[in-house]
Protein chains: 2
Amino acid sequence: MTFMRIGEKPEIARLPLFRDMDDAMRERVLSGSFLQVFPPQLTLFEIGQRADFLHVLVDGLVELYAAGDVRDTTMRIVEPVTSYILAAVINDMPYLMSARTLASSRILLVPAALMREVIKRDTALMQATMHELALGYRDMVRALTDMKLRQSAERLGHYLLEHSARHGGKQEFELSGEKRVLASLLGMTPENLSRAFGTLKAHGVAARGAKIRIEDRTALSAFSRPDPVPPDQR
Amino acid sequence: MTFMRIGEKPEIARLPLFRDMDDAMRERVLSGSFLQVFPPQLTLFEIGQRADFLHVLVDGLVELYAAGDVRDTTMRIVEPVTSYILAAVINDMPYLMSARTLASSRILLVPAALMREVIKRDTALMQATMHELALGYRDMVRALTDMKLRQSAERLGHYLLEHSARHGGKQEFELSGEKRVLASLLGMTPENLSRAFGTLKAHGVAARGAKIRIEDRTALSAFSRPDPVPPDQR
DNA sequence: TCTCCCATTTGATCTTGATCAACAAGGCGC
DNA sequence: GCGCCTTGTTGATCAAGATCAAATGGGAGA
C-alpha cells in the first residue's frame with residue numbers, strides 16, 4: 001500500500017473530465033488526491049458502501065461487478081486511463097457495483113467530498129462531468145440492448161469489433177483480462193464463451209489463447225449485427 | 001397536432017430538473033417550448049435521429065424502445081411527470097432509442113439547442129441535469145444486473161414490488177400499459193409473462209387482468225431477491 | 001345484446017445457454 | 001525437469017425461455 005502525493009500527471013490532466021477546468025482548481029483536486037498502487041485481485045470497494053472516492057485508473061486493470069445471491073456478474077472492465085463510479089460520487093450515494101483489481105494497478109483516489117465541492121465551484125468541470133455521465137448512460141443503454149437483443153456468439157462478435165476499434169482498429173490484438181471475466185461481462189459462462197469463439201471461426205475470427213485476429217471484418221460485422229447508431233465519439 | 005404556448009405549468013416547474021433554477025431562466029426555457037398533444041401509438045422519434053427536443057411527459061404514457069434487425073425491445077415505460085432522453089440532448093447526439101405514445105399524451109417539447117444554451121448559463125440547471133443523469137445511469141446499472149442475474153419470474157416479481165413502491169406502496173394497483181409491452185420491458189415474451197404471473201401466484205401475487213394485488217410482500221420479496229442497495233431517493 | 005377482434009392464456013415442442021463432468025494445456029514453484 | 005494447480009476446452013445432459021399453435025375471454029362498436 002504505497003501512498004504518494006501526486007507530482008505531475010499530464011495524462012490525468014488530459015482526461016476529458018479534467019481537461020477543460022481551471023488550472024488552479026485542477027491543482028486543488030489533484031493535490032487533495034493520492035495515487036496508490038494496488039496488487040492484483042484486491043477488492044477496492046464493495047457494493048453498498050457510501051462512495052468515498054472517485055477513482056481514476058492510471059495503470060493496470062480493474063473489474064466492476066455486481067453481486068447477486070447466487071453469482072456475481074461483471075459490469076465493466078476498466079482500462080487506463082479512465083475514471084469510474086462517477087455517478088455514485090456525484091450523488092453521494094452507495095456504490096451499485098464492487099470493484100477489484102485484475103492486475104497490479106495505479107489508481108488516483110479523489111475524495112468524493114472534494115470532487116463534489118470543486119464541481120460546484122468550477123463550471124467547466126461540472127459540464128465535463130455532465131457529459132461524462134451522459135456518455136456513461138448511453139454506454140449502459142447499449143449494453144442493455146446488447147443483452148436483450150443479441151445472442152451469445154453475436155455479443156462476443158460485437159465485443160471484439162468494439163474492442164478492436166477502441167484499440168486503434170488493429171485486426172490483431174490481445175484480450176485484456178481472463179476469459180472467465182470476459183464471459184461474465186458478456187453474460188455467459190466460460191464454457192459458452194469457448195463455444196462462441198468456435199462459432200465465430202466461421203465468421204472471420206481466429207483465436208489462439210488471448211490473441212485474436214479479425215480476418216474478415218465484414219463477415220464478422222454481418223454476423224454480429226452492429227448497432228444502428230455508431231459508437232459515440234469521445 | 002394541437003400546438004399551444006405554455007401558460008402556467010407548476011408541475012413542470014416542480015420537476016427536480018427545473019426546480020432549483022433561476023426563475024427568469026426557467027421562464028425562458030418554458031416560453032421557448034411547446035406543449036403538444038399526441039394520439040396513442042404515434043411514433044415520437046426514431047433511433048438514430050439527431051436529438052432535436054428534450055421531452056417532458058406531462059400526461060399520458062410513453063414507451064422508449066430499441067430496435068434490432070429482428071425484433072424491438074422496450075427499454076423504459078415513461079409515466080408523467082418525467083423528462084426523458086436527456087442524455088442525447090445534452091451531448092447533441094443521435095437518439096439510441098425510439099419513442100412512441102402508448103396513450104394519448106401531452107408532452108412538453110424543449111428545443112435541444114435552447115436546453116443546452118440555458119444549461120451553460122444557469123449553474124443550478126446544470127447541476128440538476130448532472131444529478132438526473134447520474135440517477136438515470138444508476139437505473140440502467142440496475143436494469144442490466146436485473147437482466148443478467150435474475151430469471152424471468154423473479155424479474156416480474158421485482159418489477160411489481162418497485163412499481164407498487166413508486167405508486168405509494170399500495171398493495172393493490174393496476175399495471176400501466178399492455179402486458180405485451182411489460183413483457184418486452186422485462187426481456188421476455190408475452191407467453192412467458194403469463195407463465196411468470198402463474199409462478200408468482202405461489203409467492204403472494206394475485207392478478208386478474210391488469211389488476212395486481214400483492215398479498216404477501218415478504219414472500220414476494222424473498223422470491224425475487226431485492227437489490228442489495230435500496231432504490232435511490234429522488 | 002350480440003359479434004367481432006385482438007390481447008392474453010394455455011399447451012406442445014424446439015433452441016439456447018447452463019450445468020456437470022472430464023480432459024488438455026500452460027505457467028510456476030520446488 | 002517435474003509435478004501441480006489454475007484456466008480453458010470439449011462433450012453430454014438439463015433447464016429456462018422462445019416459438020408455434022390453438023383456445024379463451026373481454027371490450028368496442030353495431
Side-chain angles (χ1 to χ4, degrees), chain A residues 39-41 61 63 68-74 77 102-104 146-159 174-202 205-212 223-225, chain B residues 39-41 61 63 68-74 77 102-104 146-159 174-202 205-212 223-225:
Chain A
Q41 300 302 329
L61 202 61
E63 175 193 11
D69 297 349
V70 190
R71 63 167 171 281
D72 295 353
T73 190
T74 305
I77 297 174
L102 295 178
S104 174
D146 190 50
M147 196 59 57
K148 288 177 82 176
L149 291 176
R150 272 188 269 259
Q151 45 190 49
S152 57
E154 296 171 345
R155 288 202 296 277
L156 175 58
H158 188 247
Y159 174 86
E174 213 152 317
L175 296 175
S176 40
E178 302 178 359
K179 287 208 178 145
R180 47 170 54 217
V181 178
L182 177 58
S184 177
L185 177 70
L186 295 175
M188 60 182 104
T189 57
E191 292 94 322
N192 273 323
L193 179 61
S194 266
R195 291 187 250 268
F197 271 114
T199 304
L200 290 191
K201 264 189 227 154
V205 175
R208 216 179 55 257
K211 284 204 206 315
I212 309 293
F223 173 77
S224 42
R225 299 190 272 117
Chain B
Q41 299 301 329
L61 202 61
E63 176 194 9
D69 297 350
V70 189
R71 63 170 170 281
D72 294 354
T73 190
T74 304
I77 297 174
L102 295 178
S104 174
D146 190 49
M147 196 61 56
K148 288 177 83 176
L149 291 176
R150 272 187 270 260
Q151 46 190 51
S152 58
E154 296 170 344
R155 288 202 295 277
L156 175 58
H158 188 247
Y159 174 85
E174 214 152 317
L175 295 174
S176 41
E178 302 177 359
K179 288 208 178 143
R180 47 171 51 217
V181 178
L182 178 57
S184 176
L185 177 69
L186 296 176
M188 62 182 104
T189 57
E191 292 94 323
N192 274 324
L193 178 62
S194 268
R195 292 186 250 266
F197 271 113
T199 304
L200 291 192
K201 263 189 229 154
V205 175
R208 216 178 55 257
K211 284 204 206 316
I212 309 295
F223 173 77
S224 41
R225 298 190 273 118

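Below, chain A is the first sequence line, B the second, and so on; all start at residue 1.
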Starting at CD of E174(B) and ending at C1' of dG26(D), how long is that distance when rounded to a whole Å?
14 Å

Under 4.0 Å from OP1 or OP2 of dT10(D): is there any side-chain N or O of S194(A) that close?
no

L186(A) CG to dA18(C) C1', in whole Å, measures 16 Å

Residue of the set T74(A), T73(A), D72(A) for which side chain to side chain donor-acceptor pair (under 3.5 Å) holds with K148(B)
T73(A)

Base of dG8(D), side chain of R195(A) - is there a donor-acceptor contact under 3.5 Å?
no

Looking only at side-chain N and O atoms, does N192(A) come under 4.0 Å of OP1 or OP2 in dG17(C)?
no

To the nearest Å, how far apart are L175(A) CG and dT9(D) P?
10 Å

Expected output: side-chain S184(A) to main-chain R180(A) donor-acceptor under 3.5 Å
no

Expressed in angstrom and rounded to an integer, what is the separation of E178(B) atom CD from dG27(D) atom C1'?
13 Å

If you find the nucleotide of DNA chain C closest to R150(A) and the one closest to G177(B), which residue's nucleotide is nearer the 5' end?
G177(B)

Please determine if a side-chain N or O atom of T189(B) lies less than 4.0 Å away from the OP1 or OP2 oxygen of dG17(D).
no

What nucleotide, of dT19(D), dT19(C), dG8(D), holds the atom closest to the side chain of R71(B)?
dT19(D)

Looking at R150(A) and S224(A), would you say the former's side chain and the latter's main chain have a donor-acceptor pair under 3.5 Å?
yes

Just how far, in rounded Å, is C1' of dG27(D) from NZ of K211(B)?
14 Å

I212(B) CD1 to dT8(C) P, straight-line distance once rounded to whole Å
12 Å

Heavy atoms under 4.0 Å, any strand shown: does E191(A) hit a base, just sugar-phosphate, or nothing?
base

Between dT16(C), dT7(D), dA18(D), which nucleotide has the shortest distance from any of its atoms to the side chain of Q151(A)?
dT16(C)

May I ask you to verify whether the side chain of R208(A) and the base of dT9(D) hold a donor-acceptor pair under 3.5 Å?
no

What is the distance, to the nearest angstrom, from the CG atom on L149(A) to the P atom on dA18(D)?
12 Å

Nearest-0.5 Å distance that lies between atom CG in L200(A) and atom CD in E154(A):
9.5 Å

Any heavy-atom pair between the side chains of R225(B) and L149(B) that's under 4.5 Å?
no

In whole angstrom, what separates M188(A)'s CE from dG17(C)'s C1'?
10 Å

